[in-house]
Amino acid sequence: MESKRESKADKLAELARRRGFFWQALEIYGGVGGFVSFGELGVKLKDKTIRLWRDYFIHRHNFTEVDTPLISPYVVFEASGHVGSFKDPMAECSKCHKKFRADHLLMEYNRQISEGMSIEDTEREINKGDVKCPDCGNTKWSVRHFLTMFETTIGPYSESEGFMRPETAQGIFTEFKRIYEISRGKMPLGVAQIGKAFRNEISPRQGVIRLREFSMMEIELFFDPLNPKCPLLNQVENEELRILPEDLVEKGIEEPLIISVKDALSKGIIKQEWLAYFMVLSKKFAIKLGIPEDKQRFHAKLPSERAHYSAQTYDHEVLLDKFGWVEVAGHAYRTDYDLSSHMKKSSVDLSVSVQLEEPIKVKHLKMNINSKKIKEIFPDKFNDLMKRLKEMSPEDAKREIDNSGAIVVEGLKLPKEAIEFVDVEEEVKVRRFIPHVVEPSFGIERLVYATLEHAYSEKEDRAILRIPPYLAPVQAAVFPLVSKDKLQEKSVAVWEDLRRRGIDAIYDDSGSIGRRYARADEIGVPFAITIDYQTLDDDTVTIRDRDTWKQKRLTIKDLPDHLLGLLRPSDP
RNA sequence: GCGGAGUUGGUCUAGCCUGGUCAGGAUGUCAGCCCCCCAAGCUGAAGGUCGCGGGUUCAAAUCCCGCACUCCGCACCA
C-alpha cells in the first residue's frame, strides 16, 4: 500500500474539507490560523456529541445548565487570576529576536522576581548584563507583555476594558449566587456550561487540535468541603483507570498505571472522590465516542504546569495518529479558589449554609450593653457609641476591659460598668462554608476530531467512517437500486417516512448503486436502505450495514422502528 | 516569533530549475445513455484572476521582493 505514505490525519483533513465536516476558516483571505468553520456534517456531529455529553454528564445527575456571556469586564479575570497568569512577560533578544519568558530567564539566573513586577522593572532587571540569550548569548533584551486572552472594550466610548473568556467556568462562578438560589440550595450542586472560549495562542498549529476560538463543555461541581464524599462513587469504584500519576510523570514514565478507582483514592493518587467519579465517566464517554480504552489515559499535571487555581489536575488524553497523546478533557480540583477570589473582589458573600443534622451548642461571649448608663454619661454621643460597640467583637472588648478596667470607644472612655459580659450557650442549626469545586472540562473540537480519527478506516481502497450510529451525522441513506421503473418514487416515499420519524436520512439516486454506497460510507452513514424490484412486489427493502456490508431484508412498515432501535446508544 | 520547505479548478497533482503553444492529467461534480447491489462503462458539460500584493520583462504559474497561510524543526501552550 503506497498510499500509507500519507498519514491518517492528512487523509482525514482532506476528507473533512472535501465533504464539509470542517476546514480552515477565511480561506478567501488566505486563511487565518487558529480558526475553523464547520459545515453541515461537522455541525451535526458536534451537535450529537454535545447531546450525548448532556445525557452522560448533566441529565443523569440532574445537574443544571447555564449560558453566560462570552465577554466579561477586566475585574472578573483580575479576580479569577487570569490577568496575572495569562499575561506573561516575554523577553525578546535584540540580536536573534528569539522570545523567552522573562520570568523564566530571570529565575534561571536566580534573580529576585516578584509577582506583579512591572514591565519596566523586569526590563531593567534582565538588562543588567548577565542574562544571556540561551540561543546566541546576547545580553540586550526588550520586554513586552504577551497576553493570551483576547482583549476588547465594552461600551460606546470604550469605557471599560474587557476580555473574551478563556474558559466558560468563570461565568458559572460569577453567577453562582443566583444559580444556587434557583437550585433551591442544593449541595452538591452541578452546573454545566457549553459554549465558546477564546485563547490567543502564539502559534496555533495542528489544525483543529489547537484553536484560538473553540467550544467547551464544562461542569463545576460544587460541594461541601466537610462532606466531600461522592454519593455516586459506589457505581464506579471498581472501574479501572489508566493513570500516569505525578510521580510517574516526574520520572518521565509513559506507561500508565492501571488501577481501580477505589485503590487510586485510598493511595491518594486521586485526591477527591468527585474527581475520580468524573474521570470514570469521562473514560466511558470517550469509549462511547469510539475511542478504545487502551488509547486513553489520565495524565497528572505537575504543580509547576498546573493552572493557577488547581490543587490537582488530570488531563484526559487520547492517542492520535499524528499528534500523539492529546488532551481532550481536563479534570481539575479547583478547591474554593474561584469563589473565594470573586468573594473578595466583589465583596459579595458567596458562601452557602447547610442545616446541621443536629443543632450544636456553641459557647460564646455576649456583651450586655448597659445603654441607660451610657446615655447617662455621654448623652450626645449615645447613637455613635452604640453603633461602634455593636461592631466590636466581645472577646476584644472583654480583653480591653480586663486589662485596663475601661474601654475606649470613639476616644471616649467607658467604665466597665457600662458593659456586662456573659457566657451564653447558643444552639446553632447552620454551618456556613464556601463550596469547593471539581471541574471536568471538555474540548468539543478535539473530541469531534478524535471521534473521526478513530472512526476512519479503509476498505478496498475507499474511506469508511465507522462513526457510532448514535453519533453519525447522517443516520440512513435511501437509494433506488436503479433510477427507473417507479423505484425512485418508492424510494422518496420511504425517505420521507424516515424523516418524519425523526431519522436523519438522505436520498441519493445519482450514479451507480456502488458509488452511492461509497459516498455514504465516506461520511459515516451507518445504514443504507435500497429499494429494488422485489420492493415493488412485496414492500420489503434491504438494509445494508456500513461496517459489515451485510444486507438484511425487512418490510417497509417495520423499517422505522427497526432503525430507531439500531440508532439508540446502548447503556453505559 | 525564528530557521527550512511549500501554496496550481471541489480534491490530488504535472508544469517552475532553463520565462513565450488555448495551464495538462487524474478524481470528483452535473446532464444524458446504460440499469447494474459495492467508486463499472460510454457521451457531453461546468469548474482555474496558478495564495495575496508589488517589481523585472515586449512577455511571469515560472525570475525578484513583501505579506498571509500550511507543513517540519526551535520556542510557546495557564
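Please read these numbers as outputs of a predicted model, since none were measured by experiment.
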Using a 4.0 Å heavy-atom cut-off, does [X] contact any base of the nucleic acid, only the sugar-phosphate backbone, or nothing at all?
X: A/Gln206; value: sugar-phosphate
X: A/Arg544; value: base
X: A/Arg199; value: base
X: A/Ser483; value: base
X: A/Glu167; value: nothing
X: A/Tyr533; value: sugar-phosphate
X: A/Lys322; value: sugar-phosphate

[X] vs [N]: side-chain N/O to OP1/OP2 distance below 4.0 Å:
X: A/Arg515; N: B/A40; answer: yes
X: A/Arg17; N: B/C12; answer: yes
X: A/Ser512; N: B/C38; answer: no

Using atom [atom1] of each nucleotide, how far apart are [N] and [M] to the nearest Å?
N: B/A23; M: B/C65; atom1: P; value: 27 Å
N: B/G28; M: B/C74; atom1: P; value: 40 Å
N: B/A14; M: B/G9; atom1: P; value: 12 Å
N: B/A26; M: B/C72; atom1: C1'; value: 28 Å
N: B/A45; M: B/G51; atom1: P; value: 27 Å
N: B/A68; M: B/U27; atom1: C1'; value: 29 Å

### Task
Could you say whether A/Arg516 or A/Ser510 is positioned toward the 5' end of RNA chain B, judged by the nucleotide with the nearest heavy atom to each?
A/Ser510
### Message
Would A/Lys196 and A/Phe214 count as a cation-pi pair here, with the cationic atom under 6.0 angstrom from the ring centre and within 45° of the axis?
### Response
no
### Task
Check whether NZ of the Lys or CZ of the Arg A/Lys295 lies under 6.0 Å from the centre of the six-membered ring of A/Trp325 and within 45 degrees of that ring's axis.
no
Partner nucleotide of [N] by Watson-Crick or wobble geometry (both distances under 3.5 Å):
N: B/C71; result: B/G4
N: B/C50; result: none
N: B/C42; result: B/G32
N: B/C76; result: none
N: B/U57; result: none
N: B/G19; result: none
N: B/A26; result: B/U11

Side-chain donor or acceptor of [X] paired with backbone N/O of [Y] under 3.5 Å:
X: A/Arg334; Y: A/Ala311; result: no
X: A/Arg212; Y: A/Glu201; result: yes
X: A/Gln296; Y: A/Val318; result: no
X: A/Arg546; Y: A/Asp521; result: no

Where the side chain of [X] is concerned, which of [options] is the nearest nucleotide?
X: A/Arg18; options: B/C38, B/G10, B/C77; result: B/G10
X: A/Arg210; options: B/C37, B/C76, B/U11; result: B/C76
X: A/Lys484; options: B/C35, B/U11, B/C38; result: B/C35
X: A/Leu481; options: B/G28, B/C35, B/C37; result: B/C37
X: A/Trp549; options: B/C37, B/G10, B/C38; result: B/C38
X: A/Arg519; options: B/A39, B/U29, B/C37; result: B/U29
X: A/Gln24; options: B/C37, B/C69, B/C35; result: B/C69

Regarding [N], can its base be found pairing with the side chain of [X] as donor and acceptor, where the two atoms are less than 3.5 Å apart?
X: A/Glu460; N: B/C38; answer: no
X: A/Tyr29; N: B/C69; answer: no
X: A/Asp521; N: B/C38; answer: no

### Query
Do A/Ser457 and A/Arg466 get their side chains close enough for a donor-acceptor pair, meaning under 3.5 Å?
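Per modelled atom types, A/Ser457 and A/Arg466 side chains form a pair under 3.5 Å.
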